[in-house]
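Computed from a predicted model, the values in this text were never measured in an experiment. Below, read A as the first sequence line, B as the second, and so on, with proteins coming before strands; counting in each chain starts at 1.
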Protein chains: 2
Amino acid sequence: MKILLVEDDLALSDVVSFTLRRAGFEVIPAYDGAAAIAAWEASQPALVVLDLNLPKQDGFTVCRHIRSQSQTPIIILSVRSGDDVIVRALELGADDYIVKPFSPAQLVARIRAVLRRAGASAASGVLERGGWTLDPARHEVRWVGGEPVHLTGLETRLLEALMLNAGAVLTADALIQAVWGVEGGSRTMLKQLVYRLRAKLEAAGGGEIIETVPGVGYAFPA
Amino acid sequence: MKILLVEDDLALSDVVSFTLRRAGFEVIPAYDGAAAIAAWEASQPALVVLDLNLPKQDGFTVCRHIRSQSQTPIIILSVRSGDDVIVRALELGADDYIVKPFSPAQLVARIRAVLRRAGASAASGVLERGGWTLDPARHEVRWVGGEPVHLTGLETRLLEALMLNAGAVLTADALIQAVWGVEGGSRTMLKQLVYRLRAKLEAAGGGEIIETVPGVGYAFPA
DNA sequence: CAAACTTGTTACCAAACTGTTACCACTTGA
DNA sequence: TCAAGTGGTAACAGTTTGGTAACAAGTTTG
């Protein structure tokens, strides 16, 4: 199981690497933010251990980038123990936050806990909700018994966000962020995208698909 | 979303309860290990916040018991910050371990992180009071057995404030602040809003809904 | 290269939302 | 009894929101 370890302090990185390897993980080290993103894309690790204080790009940026593209579990390491920082990191999608100094044993235990939890809900990436099957890797949706329909990249990300949270209402802003990332996107574009996606889904079979919750956002029926 | 809070320190339990409720969770308190297990079985919470140091049965026992029967996420609270204790708790199946003293905000953030990872959608915030069910996220109210009625954003906030304090009288100023924030809002607008909200609620089923307390404000019947 | 597709942009319309003003009934207290 | 204040109702207009359409620039594909 591959773990991406993003830590610029060489000595600490080595110690942690050693511990993780002894615990049976394969460790991919990265020493700054830019390298971290590159390594993440290249190696597709099962989990990321991320120092907040990094050269090139700080940990928040890396965290946001990874979260905008996948559900890979992220554990933050940091000397900063301020509440606002911790809350912000967790809200950004981090799974755990460990304050330095920490013990290697605890890190391993927390990694196992997060992986256990992630493994339970993670899957191949294929989502099945109420008759629809979405394969994000292939950019395809299918209605039960129907033919697969091709989606564009943006449409796929939108539908994935909605199906991942089936039954819940996602605000326009949340969806914009899920589709276009932190920068970019707008209400207008979201409107367009929903319109286009609905057209494809309706053409593919099922009836009412994406619910509008006026003044709030959209929801995929549970 | 129901959270079982197992904490024998009454004062702390109350503080945490308050915070969690304000964050939109429904809190079920338990004050010792035996009660915790009973409450867990009875109420099937979405997550358990568990103090380690308990009368009757200690936290480890409770944790093991719950883990042996379900995947319900568990977050441990404890004054003990020893590594061995933390590692042991995590290996026993806990999802997170928070060392006292902690801040309520961080607890909420960690609860959300664990719930997110566990696949549950975040706190729903649904309020049920005397036959009415309000889902603030969807801007919908429903009378028992009836169809959901759509509310506007302002109406939702008003009804939410009233239902959160069901049985109590809220002054006009308090309501204005709850709906429009610190700036903005006026008696006239509140009058209008109450009128419109009542119209929708009456059309939806139930009889007398929002009580007027002349010269003071409004109340939602307990 | 040309055709097809993807994406962002602008525009328009209908519906919904919100603030404002006005009017009436009722209570309260001088 | 009358004036002032409070609360309910009504109508109206400006704004916002959501769905639809058409189009252009950029990209991919045959």
Side-chain angles (χ1 to χ4, degrees), chain A residues 68 136 138-141 148-162 169-204 207-220, chain B residues 136 138-141 148-162 169-181 183-204 207-220:
Chain A
S68 72
R138 282 196 142 67
H139 288 195
E140 280 178 355
V141 241
V149 176
H150 175 77
L151 301 180
T152 72
L154 296 181
E155 286 159 0
T156 305
R157 265 184 275 177
L158 175 61
L159 187 54
E160 187 179 13
L162 288 168
V169 182
L170 297 180
T171 64
D173 288 331
L175 288 170
I176 289 170
Q177 169 137 349
V179 174
W180 285 274
V182 187
E183 300 293 318
S186 66
R187 305 297 168 105
T188 308
M189 283 155 71
L190 181 60
K191 248 187 349 182
Q192 260 306 311
L193 193 58
V194 169
Y195 177 59
R196 285 166 173 157
L197 178 53
R198 274 180 176 154
K200 285 196 184 178
L201 293 181
E202 275 164 28
E208 267 310 314
I209 306 306
I210 299 177
E211 241 181 88
T212 299
V213 182
V216 187
Y218 297 91
F220 193 91
Chain B
R138 284 198 133 77
H139 288 194
E140 280 178 355
V141 240
V149 175
H150 176 77
L151 303 179
T152 72
L154 296 180
E155 287 159 0
T156 305
R157 266 183 278 176
L158 175 61
L159 187 53
E160 188 179 11
L162 289 168
V169 182
L170 296 180
T171 65
D173 288 331
L175 287 171
I176 288 170
Q177 170 136 348
V179 174
W180 285 275
E183 299 292 317
S186 66
R187 305 297 169 105
T188 309
M189 283 155 71
L190 180 60
K191 251 192 339 185
Q192 258 307 308
L193 194 58
V194 169
Y195 175 60
R196 285 166 173 157
L197 179 53
R198 274 179 175 153
K200 285 195 184 178
L201 293 181
E202 275 163 28
E208 265 311 312
I209 305 307
I210 300 178
E211 278 174 39
T212 299
V213 183
V216 186
Y218 297 90
F220 193 91

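Atom CD1 in A:Ile176 sits about 12 Å away from atom P in C:dG8, given to the nearest Å. Note: CG (A:Leu197) to P (D:dG18) measures 17 Å, nearest angstrom. Atom OH of A:Tyr195 and atom P of D:dT17 are 21 Å apart (whole Å). Taking atom CG on A:Asp173 and atom C1' on D:dT17, their separation rounds to 14 Å, with Å as the unit. Here the C1' atom of nucleotide D:dT6 and the CZ atom of B:Arg187 are 10 Å apart, to the nearest Å. One atom, CH2 of A:Trp180, and another, P of C:dT7, lie 9 Å apart when rounded to the nearest Å. Between the CG atom of B:Leu193 and the C1' atom of C:dC17 there is a distance of 11 Å, rounded to whole Å. The separation between A:Lys191 atom NZ and C:dA11 atom P is 12 Å, rounded to whole Å.
Nearest nucleotide to the B:Met189 side chain, out of C:dG8, C:dT20, D:dG19: C:dT20. Candidate nucleotides D:dG19, C:dG19, C:dC17 were compared by shortest atom distance to the side chain of A:Tyr218, and D:dG19 ranks first. Comparing C:dG19, D:dG19, C:dC17 by their nearest atom to the side chain of B:Thr152 picks out C:dC17.
A heavy-atom distance below 4.5 Å is found between the side chains of B:Tyr218 and B:Thr212. Two residues are said to be in side-chain contact when any heavy atoms from C-beta on lie closer than 4.5 Å; A:Phe220 and A:Leu159 meet this criterion.
Taking side-chain N and O atoms only, A:Thr212 has a distance below 4.0 Å to OP1 or OP2 of D:dG19. Residue A:His150 has a polar side-chain atom (N or O) positioned under 4.0 Å from OP1 or OP2 of C:dT6.
A:Glu155 CD to A:Arg196 CZ: the interatomic distance, rounded to the nearest 0.5 Å, is 8.0 Å. Taking CG from B:Leu190 and OG1 from B:Thr171, the interatomic distance works out to 9.5 Å, rounded to the nearest 0.5 Å. For the atom pair B:Thr188 OG1 and B:Leu193 CG, the distance stands at 12.5 Å (nearest 0.5 Å). Atom-to-atom distance recorded for A:Gln177:CD and A:Leu170:CG is 12.0 Å, nearest 0.5 angstrom.
B:Arg198 contributes a side-chain N or O that, together with a main-chain N or O of B:Ile210, makes up a donor-acceptor pair within less than 3.5 Å.
Each of A:Ser186 and B:Lys200 was assigned the nucleotide of DNA chain C with the nearest heavy atom; the assignment lying further toward the 5' end belongs to A:Ser186.
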Distances under 3.5 Å only, N/O to N/O: pair up the protein atoms with those of nucleotides 25-28 of chain C.
none

Collect all protein-nucleotide pairs involving nucleotides 22-25 of chain D in which both atoms are nitrogen or oxygen and the distance is under 3.5 Å.
none

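Contact record, A:Val179 with A:Arg157: O-NH1, 2.9 Å, taken as the closest heavy-atom pair.
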Next item on the list: Begin with the C-alpha distance, continue with both residues' side-chain angles, and end with the deciding distance and a verdict on side chain to side chain contact (heavy atoms under 4.5 Å, CB included) for A:Val216 and B:Glu140.
Entry: CA-CA 11 Å; A:Val216 187; B:Glu140 280 178 355; over 6 Å; no
